[in-house]
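Right, one structure below, let's go through it.
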Amino acid sequence: MSPKKLGRRDFLKFTGIGTLALFGGSLKGLGRQPSLFDRRLLQMEPFMPDAEISITASEKFVQILSGAQTRVWGYEGKLLSGLGVTVQNLPGNYLGPILRVRSGTKVRIYFHNHLAEDSVVHPHGLRVPEDCDGQPMQAIGSGETKVYDFQVINRAGPYWFHPHPMGRTAEQVAMGLAGLFYVWDDEEASVVPGASTGANDVPVVIQDRNFDSSNQILYNPNMLWGYLGSRILVNGKANATAALEPRGYRLRILNGSNARTYKLAWSNNMPLKVIGTDGGLLPAPLSRSYVMLMPGERVDLWADVASLAGKQVILKSLSFDPMGGMMGRGGGMGGGGMGGGGMMGSSLSNGSAFNILTVNVGRKATTKPTLGTTFPALPVHYDAGNVSNFATPVPFTLAMQQMMTWTINGRVYEEMAVADDEMVYRDVPIAWEWINNSPIPHPMHIHNVMFQVIQRNAAVTPAGYATVNQGFLDTGWKDTVIVWPGERVKIAMNFGPHTGMYMYHCHILEHEDMTMMRNLMITDTMMPGM
Ligand code: C2O
Ligand code: CU
Ligand code: CU
């Protein structure tokens, strides 16, 4: 039986509330490990957390610009009990908390929604049971609590969490809801000094916002680009600076923006030393003159500023053409038009240059951390030998239809639907291909899996391609990948161990909220009665 044969009826049968009744008596015949969800259902194995955390979303006021404080929505974290987790709030900030979790830890998270509207937390990049994925259908109302019980099975990596309620993800993130979920393990600690404590970490969460004249967040998204802000914030601060010692640091960069793409580079032209991406450390460091980072993506850099004692260096975003020439230049379309979102209140178009973080290097180093030299090899490399459809990846075409309707394979988001090409088997490696037939780039994200980028092609070279394509990071493990206009990007992955309904979508949050999101169903090869 191939996954293609599973139709909508099967989807309804195997997901959601209907599943309970259907699975109730016959779990033993399933031929798979019961999921956490199933176990709870049968009360077979009570979940014993190593640590309990609470995360509360609420409205608050913080100082972002000089003058009036800004009304924001933020998460507040608390470690209630246990080991293997630290919780670091960022006082006076909408951003945070930073959770640091040892891989293998069983966590119980109480999410308290103190907002006036529905919300849910999605752990981005983590492989968690279906009921912990924080999808729109799992959103809870104002004043309610959702409990997440899961074991952190991911390897060390810079994961994060953010809201995911139906149609409200973009604005809730714009209002401030996002936090870091750093996982560490022994393998990482053997290469990166201070990995377990974050001693050498410099988190850099890059976001952009518009503010009105009374310093309040102005959420004015653009139908084409999504929300582009004219103020660049790092870790919730405008005009961000970092005072560093003249030594090595780990810069952990997250593009936490709704829609903006960054072309990261150092002002003094020193190369970026890339040590990790979405799914943790690379098999070996890479040296790049710039790195492209779209919403949802992460990059870990090792920045050694020992030679810059007493000097300043700036992490910048360089200018680039975000449309590959497909509709004329981004800003050109123009300046005040759809291009950079000028019309919609942002004077900073997507692709313009600006400073992100000013690093002031002191004169004295109190420690000299050095990066290890033996990076962890990839445990598997996907190729024709282990991916049966390697030569014929499942195509997913990205398009913009009339009235700026964003589609994937001609489809828009439907709560209870999954198409045949969206059914996958657990533990059966599969190749997909993103085909961008639309005029702008999209960061394509898949829940509950880490993939490898196999190939990136453009039949017709997009204009200005050579000024961006050296910045695409296609090695290591990814959960979000840039697909430039005109490109086909082939990826391969192995879903599991959890089965159930997950999602995939564009991580430009307005595209996701509008329509550019779909369900994805992970099933076992062995199913009762098939
Ligand atoms: Cu970070 Cu479904 O997203
Ligand atoms: Cu996600
Ligand atoms: Cu998109």
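Atoms within a ligand are numbered from 1 in the order they appear, just like the ligands themselves.
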How is the N/O/S atom of H442 that comes nearest to the Cu ion (ligand 3) named?
-> ND1
Have a look at the Cu ion (ligand 3) and estimate, to 10 degrees, the angle subtended by ND1 (H511) and SG (C506).
-> 120°
Could you tell me whether the side chain of Y148 and the main chain of V121 form a donor-acceptor pair under 3.5 Å?
-> yes
Whether H445 has an N, O or S atom under 2.8 Å from the Cu ion (ligand 2) = yes
Are side-chain N/O atoms of Y94 and T70 paired as donor and acceptor at under 3.5 Å?
-> no
Answer yes or no for H122: is there an N/O/S atom below the 2.8 Å cut-off from atom 1 (Cu) of ligand 1?
-> no
Does any N, O or S atom of H122, backbone or side chain, fall under 2.8 Å from the Cu ion (ligand 2)?
-> yes
Hey, is there an N, O or S on H162 sitting under 2.8 Å from atom 1 (Cu) of ligand 1?
-> yes
Can you find a pair of side-chain heavy atoms, one from V387 and one from I454, that are under 4.5 Å apart?
-> no
Determine which of the N, O or S atoms in H124 is closest to atom 1 (Cu) of ligand 1 and give its atom name.
-> ND1
Pair E510-N258, side-chain donor/acceptor within less than 3.5 Å = yes
Are H505 and H511 close enough that their ring centers fall under 6.0 Å?
-> no
Do E52 and Y110 have side-chain atoms, one donor and one acceptor, less than 3.5 Å apart?
-> yes
